[in-house]
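In what follows, a single structure is set out as structure tokens and then discussed.
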Amino acid sequence: MTDATSRDGSRSGSTAQPVGGAKGPDELRRQIEETRGQLGDTVEELAGKADVKGRAKARAADLKDKAGAMSVQLRSSAAHAGHAVQEKAGRAGHTAQDKADRARDAAERHAPPGRARGAVRAGLGHPRALLAAGAAAGVVVAASLVRHRRHGHC
């Protein structure tokens, strides 16, 4: 008896069958095929672990997929923010138009004819320009709010 074999014929520290365990040639063939299958699985597993390049490619593909999903999400968020800014700019333009109309009415009632009255009339004569100026002011305000929030002030 050696150090690696116990009295019952099995090897210590191993999950192998007892040394003389085959009861015939068919049983021995079956054990050999089973051992080959286990050995093949083990070799495949070790080869997968040793394939650093393959694992790196798989990881890169996974990260690329995640980045693509993040890109889609960011584009969607940016589109929503753009729509919100457009809505706010439109409302600001309408508010500016309303205030200009009220100022014109007040100027016509209370102000003497002169330069101020001419400037108000010139501005009111071009409502699209007035709306564009209001929209631009709204965009500037919205951008300032976004920048303010990004820097952790809100």
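Just so you know, residue 1 is the first one in the sequence shown, and it goes up from there. Here the structure is a predicted model, which means the values were calculated and not measured.
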Exercise. Do the side chains of Asp26 and Arg29 get nearer than 4.5 Å, heavy atoms only?
Worked result: yes

Could you go through residues 55-74 and list every donor-acceptor pair under 3.5 Å that involves a side-chain atom there, pairing it with any protein atom two or more places apart or in another chain?
from, atom 1, to, atom 2, distance (Å)
Arg55, NH1, Lys49, O, 2.7
Ser71, OG, Arg75, NH2, 2.8

For this session: Drop me the distance from Arg30's CZ to Thr35's OG1, to the nearest 0.5 angstrom.
Result: 9.0 Å

Exercise. Does the side chain of Asp41 reach to within under 4.5 Å of the side chain of Glu45, using non-hydrogen atoms?
Worked result: no

For this session: Indicate yes or no for a side-chain donor-acceptor contact from Ser144 to the backbone of Val140 under 3.5 Å, with no hydrogens or angles considered.
Result: no

For this session: Quick one: pull up CZ in Arg91 and OG1 in Thr95 and give me the separation to the nearest 0.5 Å.
Result: 8.5 Å

Exercise. Under the side-chain hydrogen bond (donor to acceptor under 3.5 Å, both in side chains) test, which residues partner Glu33, sequence neighbours left out?
Worked result: Arg36

